[in-house]
**Student:** 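To start, I am sharing the structure in question, which I have written as structure tokens.
This structure is a prediction, so every number in the text was calculated from the model and none was measured. Quick note on labels: first sequence line is chain A, next is B, and so on, each numbered from 1.
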Number of protein chains: 2
Amino acid sequence: MSSLPQEIAASSEQVFDHHGFAASGIDTLAHAAGVSTRTLYKHMGSKADLIAAALEARSARFFDQLAVTDVDGLFAALEQWVQTEGARGCFFLRAAGELSDDFPEALKVVTEYRRRLRTLVGELVNHTDPPHDDLLAEQILVLFEGATSVATYRGVEGITAARAAAASLVHQS
Amino acid sequence: MSSLPQEIAASSEQVFDHHGFAASGIDTLAHAAGVSTRTLYKHMGSKADLIAAALEARSARFFDQLAVTDVDGLFAALEQWVQTEGARGCFFLRAAGELSDDFPEALKVVTEYRRRLRTLVGELVNHTDPPHDDLLAEQILVLFEGATSVATYRGVEGITAARAAAASLVHQS
DNA sequence: CTCAATGTAAAACGAGCGTTGTACTCTTCA
DNA sequence: TGAAGAGTACAACGCTCGTTTTACATTGAG
């Protein structure tokens, strides 16, 4: 049995993902979490804090899925994610677009997510045989982000295409 | 001298792009357009209609920039766009994420934009020498969307990488 | 000149928002 | 037993929002 703050952050992650941040009211978020608004505020402080917590929860959950050993596994994991979670575009890009400077903590989570994703891709590319440089890492990152976006309207086909493109770029000398 | 509705849609496009749809109030939008709220409503009907009009304006403006003859030109045009407009992620993806079913007209514009972008990429890939198939078109689409996303935090470097990747994929048999 | 069209300013409306206060119930454990 | 802690329901607060109303200014054509 996990803690209430974690449950609230987890269910809020889903509500924000499906309806956007501004459009998700506290009452809706509290009801989705199965708690009263009073309890929600006691644990989360404010809506801004709750948004940051939801982004943290998504980041942790997403990188758990991305625990892979090679570039191809990255796209396999993304395909798996989209099949179980659906595709609505990068949660963090959407957050950055919707949230202004009034949400500095949330934006910090977005920045940290991006840094971590870039680092992960860089490591995976570095462990290919033979090792590759920064250009390939940037290209894999583009394919990953592109697959995430394209999947919103072309489904897993976009991820399949990205996966094949990544393989081509990795294996060509 | 262009018409008031066009001016309102154009300036609203900028406000929505920089601050999000829900966070942009009617007063802000009217002030940015240099008109009163009364005039804004007379010409645009409602905020939902204004959002749809702003998306239409962006679509027209963006595809004007994408009047190119080959795949490489596509990424050159995107690089140019980002340098003059900045990068905040795909406007249409963000709209789809923020707007619910209460905005059917806006979502129709998003769908139409995506259909048109996919068609454009398909045509450009088909006119390569030698002509290529649907897989490459999907891959170029992924690179284009990925470059748009990655540019938000890695700048034009992401577009440069995507451009090189596209060239690799096009020229390899 | 006048009238219709088109614009403005400013206030008001009802609704929903994020947030807090109050009063109550239930559990737990010393 | 009884006090403390943690949760609930529910109303209220001040604020902002989208939208409409009212009253007034400007302008160009017949």
**Student:** In whole angstrom, give the distance that lies between atom CZ of A:Phe103 and atom P of C:dG18.
**Tutor:**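 Taking CZ of A:Phe103 and P of C:dG18, I get 9 Å after rounding.
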**Student:** Name the one of A:Phe16, A:Phe21, A:Tyr113 that satisfies ring-ring contact (aromatic ring centres under 6.0 Å, His included) with A:Phe91?
**Tutor:**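 Of the listed options, the one satisfying the test is A:Phe21.
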**Student:** Between atom CG in B:Asp49 and atom C1' in D:dT19, what is the gap in whole Å?
**Tutor:**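 From B:Asp49 CG to D:dT19 C1': 13 Å.
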**Student:** On the nucleotide C:dT6, are OP1 or OP2 found under 4.0 Å from the side-chain N or O atoms that B:His43 carries?
**Tutor:**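 Result: no.
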**Student:** Which whole-number value in Å describes the distance from A:Met44 CE to C:dT19 P?
**Tutor:**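 Computing the A:Met44:CE to C:dT19:P distance gives 12 Å.
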**Student:** Tell me whether B:Glu85 is salt-bridged to B:Arg58, with the criterion being a basic N under 4.0 Å from an acidic carboxylate O.
**Tutor:**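 Not counted as a salt bridge, because no side-chain N and carboxylate O are separated by less than 4.0 Å.
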**Student:** Check every strand shown and say whether B:Ser24 touches a base, only sugar-phosphate, or nothing at a heavy-atom separation below 4.0 Å.
**Tutor:**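 It contacts sugar-phosphate atoms only.
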**Student:** Out of the candidates A:Glu112, A:Glu138, A:Glu123, only one should pair with A:Arg118 under the salt bridge (charged side-chain N to carboxylate O under 4.0 Å, His left out) rule; please name it.
**Tutor:**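 Of the listed residues A:Glu112, A:Glu138, A:Glu123, the salt bridge (charged side-chain N to carboxylate O under 4.0 Å, His left out) partner of A:Arg118 is A:Glu138.
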**Student:** Counting heavy atoms from C-beta on, name the nucleotide in D:dT19, C:dT22, C:dT8 closest to the side chain of B:Arg38.
**Tutor:**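 Looking only at side-chain atoms, B:Arg38 lies closest to C:dT8.
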**Student:** From C-beta outward on B:Val35, which listed nucleotide comes closest to its side chain: D:dA9, D:dC10, C:dT8?
**Tutor:**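 So the side chain of B:Val35 is nearest to C:dT8.
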**Student:** Rounded to the nearest Å, what distance is computed from the NZ atom of residue A:Lys42 to the P atom of nucleotide C:dG21?
**Tutor:**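 Whole-Å distance recorded here is 11 Å.
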**Student:** Consider the side chain of A:Ser46, meaning its heavy atoms from C-beta on, and name the nucleotide among D:dT8, C:dT19, D:dT19 that approaches it most closely.
**Tutor:**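 In terms of side-chain proximity for A:Ser46, the closest of D:dT8, C:dT19, D:dT19 is C:dT19.
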**Student:** Nearest to the side chain of A:Lys47, which nucleotide is it out of D:dT19, C:dG18, C:dT8?
**Tutor:**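 Closest of the options to the side chain of A:Lys47: C:dG18.
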**Student:** Could you say whether B:Leu40 or A:Thr37 is positioned toward the 5' end of DNA chain C, judged by the nucleotide with the nearest heavy atom to each?
**Tutor:**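 Residue closer to the 5' terminus by nearest nucleotide: B:Leu40.
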**Student:** Give the nucleotide from the list C:dG18, D:dA9, C:dA9 with an atom nearest to the side chain of B:Ser36.
**Tutor:**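 Shortest atom-to-atom distance from the side chain points to C:dA9.
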**Student:** Considering only C:dT19, C:dG7, D:dG7, which nucleotide approaches the side chain of A:Thr39 most closely?
**Tutor:**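 Given the options C:dT19, C:dG7, D:dG7, the side chain of A:Thr39 is closest to D:dG7.
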**Student:** For the side chain of B:Leu4, counting heavy atoms from C-beta on, which of C:dT8, C:dG7, C:dT19 is nearest?
**Tutor:**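 My answer, after comparing the listed nucleotides, is C:dG7.
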**Student:** Are A:Glu105 and A:Lys108 ion-paired here, with the side-chain N under 4.0 Å from a carboxylate O?
**Tutor:**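 Looking at A:Glu105 and A:Lys108, the cut-off is not met.
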**Student:** With heavy atoms under 4.0 Å as the rule, sort B:Gly45 into base, sugar-phosphate or nothing.
**Tutor:**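 Answer is nothing: B:Gly45 stays at 4.0 Å or more from every strand.
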